[in-house]
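The structure appears right after this line, and notes come after that.
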Amino acid sequence: MTAEPLPVSSPKSKRTEALEERPVNLDGFVEEWPEVGMVAMDSPYDPAPSVRVTDGVIVEMDGKPRAEFDFLDQFIADHAIDVSVAERAMSLEPVEVARMLVDPTVTRSEVVEVAGGLTPAALLEVVKTMNVVEMMQALQKMRARRTPANQAHSTSARDNPVQVAAEAAEASLRGFRELETTLGVVRYAPLVAIALQVGALAGTPGALTQCALEEATELELGMRGITAYAETISVYGTEPVFCDGDDTPWSKAFLASAYASRGIKMRFTSGTGSEVQMGNAEGRSMLYLEIRCILVAKGAGVQGLQNGSISCIGVPGAVPAGIRAVLAENLLASTADLECASGNDQSFSHSDMRRTARLLPQLLSGTDFVCSGYSAVPNYDNMFAGSNLDSTDYDDWNTIQRDLQVDGALRHVPEEELLAARSRAARALQAVFAQLGLPAITDKEVEAATYAHGSQDLPMRDVLEDLKAAQSVMDRGITGLDVIKALEASGYSDMARTLLSVLRHRVSGDLLHTSAILTPELETLSAVNDANDYAGPGSGYRPAGERWREMKRLRHVVSASNPEEEIG
């Protein structure tokens, strides 16, 4: 017998009501719409792979003759693809290249050579044959630097420099090797950039800092030695979107050379979904367009790429296989022999389970920077529109590291050490501001910043006076050397020496190596002297020794000899 249908007005079941209340159902999901690019990695409008080389010049790529190339095609064909191996590499079946990626007996350098001859459409076909676990296996081998690292966002909803200094000290002490800030009010930038730089020195030495702004100011701060690296130089996968910013691949390459000429580490930024978000995806899949961005970065000669959808994560996160495509773009950035700062940096889900699922492929595989922006502040203070993880997630992160014995580059730090570093950062900034004739930082502000959770716990500053002072920093030509002198004159000699060492590394060009970071001993660690050597079980980077002992420590670990005692 056929069951009678329930009336249309029938109430929902209690199970359905419970499911409807789950946070994941606050997320946005859409059907695929290939015509506008709302498809992760399998659009019917993506081109078929092809290449033809004549007299050392690519005259056809992905079904398009050279006469029909747009400027991205031309730049990629002329600067990103190795014509000496292109036809041989393109003769391989996609699954053959995918197996090279996964096979631990095939070296990273062999894969890089073959991948260097593949066109954007061919690279897309390779990763389309791979599932998520296979991509993770490949990424474990393909990242440039052997030792994973992490990057933090240190920002303030009030652009409060005292808070930023304290947060930078804590973040560097927790293990972040790069610290990034940005502003709500751009004119605050010089003060906040100095605060970030000073604060980083008060934690673990060697953390590099950047201030993400419009490109001219960001470059000037770098040239003055107030920042050490940059990454918010965006590239896009279609010509109309690229032109929308008055840019071309050549202008971006010129900008990259301006940073490199001063020893400033820099990488480009891109990510699946940006072209859809800007309304000019030309019907291509998000991943195909991102592969074009990866090859533009390679052709421009920059040392790395911040990708992993970044500020567009809500777009791939809304379509089927979107997070798989994000992992694929990280893998392909590493396969192009670039440093990869692999995203995990912007909020995209209300679900804690889904946030963690988005993180794990990069955390378990290890990337050059597992997060290109873990929020070292509560998300209400995150001026990059909030992160997938924030300062309330530290204990969860450290526990996952310990549970799985995977290194996400962070560590638990006892509260007394954190408070000492935060206080020292705020007091050092207080002294630097006094030496440079900038608006006073009161003892009350120092005290508040030491114990604060976020900007809501700090006294208000005189914003007008701060903005005048910020402009005076630019007008007076204040540089990193002036900050060093101010620290030395105020009794912070160790911090002054550390900053001087960072500037020396810049002058020597040490930070221009692929995937360069500074160790706490102020030595450069990069793909040159710390090349990834993963070759299967028993090889590659494994947290061991002192690092593994450090990872075992959590906030509430009970002593084996005395169950009443906590040793965290």
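One is the number of the first residue; the rest follow in order along the sequence. Just so it is clear, the structure is predicted and the values come from calculations on it, not from any experiment.
Counting only heavy atoms from C-beta outward, the side chains of Thr514 and Val528 never approach each other to under 4.5 Å. Contact of the Leu208 side chain with the Ile517 side chain is not registered, since no non-hydrogen atoms from C-beta on lie closer than 4.5 Å. The closest side-chain heavy-atom distance from Asp337 to Arg108 is below 4.5 Å. For the pair Leu196/Cys211, no side-chain contact is recorded, criterion being any heavy-atom separation below 4.5 Å from C-beta on. Side-chain atoms of Tyr288 and Glu125, non-hydrogen and from C-beta on, never get closer than 4.5 Å to each other. Side-chain contact check for Cys293 versus Val296: every heavy-atom pair is 4.5 Å or farther apart. Annotation: side chain of Phe348 is not in contact with side chain of Val326 (no heavy-atom distance under 4.5 Å). A 4.5 Å side-chain heavy-atom check between Leu511 and Ile264 finds every atom pair outside the cut-off.
Nearest heavy atoms, Leu331 versus Leu139: CD1-N, 3.7 Å.
Around CZ of Phe254, the count of heavy atoms belonging to other residues, nucleotides or ligands within 6.0 Å does not exceed 12. Within 6.0 Å of atom CH2 in Trp250, more than 12 heavy atoms from other residues, nucleotides or ligands are found, so the atom counts as buried in its surroundings. Enclosure of atom CZ in Arg66 by more than 12 non-hydrogen atoms of other residues, nucleotides or ligands within 6.0 angstrom is indicated. For Arg187, the CZ atom counts as loosely surrounded, since its 6.0 Å shell holds 12 or fewer non-hydrogen atoms of other residues, nucleotides or ligands. The local environment of CD in Gln405 is crowded, with over 12 non-hydrogen atoms from other residues, nucleotides or ligands closer than 6.0 Å.
Atom CD in Glu167 sits 10.0 Å away from atom CZ in Arg174 (nearest 0.5 Å). Tyr236 contributes atom OH, which lies 5.0 Å from atom CE of Met278 (distance to the nearest 0.5 angstrom). Residue Leu332 holds its CG atom at 9.5 Å from CE of Met142, rounded to the nearest 0.5 Å. Separation of atoms CH2 (Trp33) and CE (Met38) is listed at 9.0 Å; rounding is to 0.5 Å. Rounded to the nearest 0.5 angstrom, Leu525 CG and Leu518 CG are separated by 9.5 Å. Distance check, rounded to the nearest 0.5 Å: CG of Leu124 to CD1 of Ile291 gives 4.5 Å.
In summary, the side chains of Ser387 and Asn382 do not present any donor paired with an acceptor at a separation below 3.5 Å, with no hydrogens or angles considered. Side-chain N/O atoms of Gln151 and Gln306 include no donor and acceptor closer than 3.5 Å. Counted by atom type alone, Glu231 and Ser372 present zero donor-acceptor pairs between their side chains at under 3.5 Å. With no hydrogens or angles considered, a side-chain donor-acceptor pair links Glu60 and Ser50 at under 3.5 Å. Side chains of Ser109 and Thr107: a donor-acceptor N/O pair is present below 3.5 angstrom, by distance only.
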Mind running side chain to side chain contact (heavy atoms under 4.5 Å, CB included) on Leu118 and Met90 for me, showing each step along the way?
CA-CA 6 Å; Leu118 298 181; Met90 291 290 289; 3.9 Å; yes
Decide yes or no on salt bridge (charged side-chain N to carboxylate O under 4.0 Å, His left out) for Arg284 and Glu275, but give the supporting numbers first.
CA-CA 9 Å; Arg284 312 300 194 188; Glu275 298 82 11; over 6 Å; no
Go through Asp533 and Arg146 one step at a time and tell me if the salt bridge (charged side-chain N to carboxylate O under 4.0 Å, His left out) criterion holds.
CA-CA 7 Å; Asp533 59 353; Arg146 185 176 189 268; 2.9 Å; yes
Can Ser334 and Thr367 be said to form a side chain to side chain contact (heavy atoms under 4.5 Å, CB included), step by step?
CA-CA 9 Å; Ser334 296; Thr367 64; 5.9 Å; no
Tell me, with the steps shown, if Val319 and Val30 meet side chain to side chain contact (heavy atoms under 4.5 Å, CB included).
CA-CA 6 Å; Val319 300; Val30 298; 3.7 Å; yes
Before you tell me yes or no, could you show the steps for Ser349 and Asn388 under side chain to side chain contact (heavy atoms under 4.5 Å, CB included), namely the whole-Å CA-CA distance, both residues' side-chain angles and the distance that decides it to 0.1 Å?
CA-CA 8 Å; Ser349 177; Asn388 192 43; 5.9 Å; no
Decide salt bridge (charged side-chain N to carboxylate O under 4.0 Å, His left out) for Arg292 and Asp73; before the verdict, give the C-alpha distance in whole Å, the side-chain angles of both, and the deciding distance to 0.1 Å.
CA-CA 8 Å; Arg292 299 181 92 197; Asp73 295 321; 2.7 Å; yes
Could you check Asn280 against Thr238 for side-chain hydrogen bond (donor to acceptor under 3.5 Å, both in side chains), going step by step and ending with a plain yes or no?
CA-CA 7 Å; Asn280 269 302; Thr238 65; 5.8 Å; no
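Every pair passing salt bridge (Lys or Arg N to Asp or Glu O under 4.0 Å) that includes a residue from residues 26-36 is listed here, sequence neighbours excluded: Asp27-Arg354. Sorted by first and then second residue, the ring-ring contact (aromatic ring centres under 6.0 Å, His included) pairs involving residues 382-405 (not counting sequence neighbours) are His153-Phe384, Tyr374-Tyr394, Tyr374-Trp397. Annotation: side-chain hydrogen bond (donor to acceptor under 3.5 Å, both in side chains) contacts involving residues 15-25, sequence neighbours excluded, comprise Ser13-Thr16.
Ser309 places a side-chain N or O within 3.5 Å of a backbone atom of Thr272 that can act as its donor or acceptor partner. A donor-acceptor pair is defined here as one N or O able to donate and one able to accept, closer than 3.5 Å; no such pair exists between the side chain of Asn150 and the backbone of Ala409. Side-chain N or O atoms of Glu329 include one that pairs as donor or acceptor with a backbone N or O of Gly308 at under 3.5 Å. Side-chain atoms of Asp381 never come within 3.5 Å of backbone atoms of Pro378 as a donor-acceptor pair (strictly under, hydrogens ignored). When atom types are taken as modelled, the side chain of Lys252 and the backbone of Ala300 share no donor-acceptor pair closer than 3.5 angstrom. Without hydrogens or angle criteria, Asp82 side chain to Gly116 main chain gives no donor-acceptor distance under 3.5 Å. Of the possible donor and acceptor atoms, one in the side chain of Ser365 sits under 3.5 Å from a partner among the backbone N and O of Met136. The main-chain N or O of Ser154 is found under 3.5 Å from a side-chain atom of Thr181 such that the two form a donor-acceptor pair. A donor-acceptor contact shorter than 3.5 Å links the side chain of Arg145 to the backbone of Asp368. Remark: side-chain polar atoms of Thr217 are not paired, donor with acceptor, to backbone N or O of Glu214 under 3.5 angstrom.
Across Met286, Glu290, Arg324, a single residue satisfies side chain to side chain contact (heavy atoms under 4.5 Å, CB included) together with Met41, and that is Arg324. Among the candidates Asn330, Asn307, Ile310, Leu359, the single residue satisfying the side chain to side chain contact (heavy atoms under 4.5 Å, CB included) test with Ser342 is Asn330.
Both tests do not hold together for Arg177 against Phe369: distance to the six-membered ring centre under 6.0 Å, angle to the ring axis within 45°.
The residues Glu93 and Arg99 are annotated as not salt-bridged, no charged nitrogen and carboxylate oxygen being separated by less than 4.0 angstrom. Classification of Asp103 and Lys141 as a salt-bridged pair fails, no side-chain N sitting under 4.0 Å from a carboxylate O.
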